[in-house]
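Numbered from 1 within each chain, the chains take letters A, B, ... in sequence-line order.
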Amino acid sequence: MFRRLEQAGGRKVALSLDGTAIEAFEGENLAAALIGAGFGPFRTTPVSGSPRAPYCMMGVCFECLAEIDGVPNRQTCLETVRSGMTIRRQSGPADIGGL
Amino acid sequence: MSGKRTTEFIIVGGGIVGGAVAYGLARAGRRVTLLDEGDVALRAARGNFGNVWVQGKGGNSPDYADLTRDAANGWQAFSDRLEAETGVPLHFRRPGAFYICFTREELRKRAELMQKIEDSATVRGSFEAIDRREFARRIPEIGPSVAGATFSPDDGTANPLHLLRALIAGMTKFGGRYLAHHKATGVTRNGDGFRVATAQGPFDCGCVVLAAGLGNATVGRDIGLTAPVRPVRGQILVTEKVRPFLQYGTNFIRQTVEGGCVFGESSEEVGNDESTTLPVLRETARKAIKAFPMLANARIVRSWGALRIMTPDGVPVYRSSRMPAPAFLLSVHSGVTLAPFHAGRMVEDILSGSLDDGRYAAFSPERFDVQAA
């Protein structure tokens, strides 16, 4: 569905996406890298459980949330790819511990 | 002159108070125009915490305690009707609320105040003072430095933004007219009625209702209808959406239906400055974490400041005049709690032509006058 317009300059690194190893370019936008890897929906909503994927890609809409390195509700469009990141799909509301 | 510039009722102010009166009047079949400002308005309705709050109100005024209790008791029916009419969900819930105390002394004083109000109010309410152990039994997530709480089943919460939207939608549905970017700059007599000046030209009406928030200090000066109100800033933070853990209201933390946790408890006298400051936000967050330690793991996504409309004693000011036609003024800081009253009984009284009967005596601004010896 999405085609990369130009090759990112960084080196290829490995990420873990829902337990599966994927490759992405270091330093590229994480939401874009996940879309490129065919990831979706990114999460389901806390209230109705409906599926969501990135919309604004600029930090405003909060639709692209995912769990990054164990921390829920992270805006993937505001993150850049680092080697060894662990991304998990988020289902419903986030746990903040003690619950 | 176009008929559009002449109407039966003009409401000055499109917040929750003006919206409630305009909705009630339109619903009663009256011709209503609501004059609102734009997004630059100092708008308490958009910074509101969203509590329907009874407990502790009216310590200095049994009439205010009764008014608040009646309004809160009417909230469910009001919400059901407004939701049915507009399709806007108000997220009203009334599981009761805790006022969280951090020392035993605070809890003792709080319970005394609640008992004093209970003894003086004529509309029945109820409360309990509970110690830490009982509080932890009801809400296991409370922190170790919480000493206890007062709990009242009379308190509730609602979504203030949805309420504002529903009131305007309801008014419009019943034929009322909403005009944004029409800030009223003054009101003068005009024959048997009034003329309201705006930057977009004058509007004429037979009856005017002033619900201009902080603007009520001045907008009705030329018709002798003002209120001594001043801005009191509150700063609020909201977290990311997290798994629901707090269905109850509390005095300064509320979890919304969607899961975000709202914190706010500050009061500052800083004029019309709506900004936020780090020390106050830090203290507010610190206190929230003290109450519920796991909130330390929740990230804040927004913070904002808003200005309460405060009268000298915190009790509403309601007044009317007949100079030359019926005119009314409403100044309150609890527009959400009192919305059922403003859209209901207050509208009936406005339609009767004045607020002169004894029921409004306690809300007259004459209470602030220095008494002659």
Side-chain angles (χ1 to χ4, degrees), chain A residues 15-18 29-32 34-35 39-82 84-99, chain B residues 50 83 87-93 100 135-146 157-159 161-162 237-248 250 253-263 285-286 288-304:
Chain A
L15 314 181
S16 165
L17 178 57
D18 271 344
N29 183 278
L30 178 62
L34 295 177
I35 290 170
F39 184 55
F42 277 45
R43 65 177 182 111
T44 58
T45 62
V47 177
S48 67
S50 67
R52 289 289 191 273
Y55 178 64
C56 76
M57 293 294 285
M58 60 182 203
V60 174
C61 76
F62 286 73
E63 298 293 21
C64 67
L65 304 179
E67 185 187 301
I68 302 177
D69 294 335
V71 182
N73 279 344
R74 303 303 305 271
Q75 292 172 275
T76 56
C77 76
L78 297 184
E79 294 288 331
T80 52
V81 169
R82 296 184 311 274
M85 278 177 140
T86 300
I87 320 296
R88 288 198 166 275
R89 192 185 316 267
Q90 188 173 318
S91 297
D95 275 320
I96 53 169
L99 299 179
Chain B
E83 284 187 349
V88 178
L90 301 183
H91 297 174
F92 175 66
R93 295 177 291 181
I100 300 168
F135 197 5
R137 195 184 66 76
R138 299 189 198 184
I139 306 185
E141 291 83 4
I142 63 160
S145 53
V146 172
T157 61
N159 182 319
L161 300 177
H162 286 205
L237 304 99
V238 62
T239 70
E240 61 185 325
K241 295 176 178 66
V242 299
R243 192 171 301 285
F245 72 97
L246 186 62
Q247 59 146 337
Y248 297 102
T250 79
I253 304 169
R254 169 171 95 80
Q255 187 171 28
T256 67
V257 167
E258 296 91 351
C261 295
V262 187
F263 320 144
R286 219 173 245 163
I289 291 168
K290 217 169 137 186
F292 296 105
M294 87 276 193
L295 286 174
N297 300 325
R299 275 165 305 131
I300 301 295
V301 291
R302 273 188 300 286
S303 63
W304 64 90

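Along residues 46-53 of chain A, the residues that come nearer than 4.5 angstrom to chain B, judged on non-hydrogen atoms, are A/P46, A/V47 in order of number. Below 4.5 Å, heavy atoms of chain B meet heavy atoms from A/F62, A/V71, A/P72, A/N73, all part of residues 56-73 of chain A.
Side chain of B/R243 to backbone of A/D95: no donor-acceptor contact under 3.5 angstrom is found.
By the side-chain contact (heavy atoms from CB on, under 4.5 Å) test, B/I300 pairs with B/L237, B/T239, B/F263, sequence neighbours left out.
Residues in residues 294-304 of chain B take part in these salt bridge (Lys or Arg N to Asp or Glu O under 4.0 Å) pairs, two or more places apart or across chains: B/E240-B/R299.
When all heavy atoms of B/N297 and A/I96 are compared, the closest pair comes out as ND2-O, 2.7 Å.
The part of B/V257 that comes within reach of chain A is its backbone (N, CA, C, O), which places non-hydrogen atoms under 4.5 angstrom from that chain.
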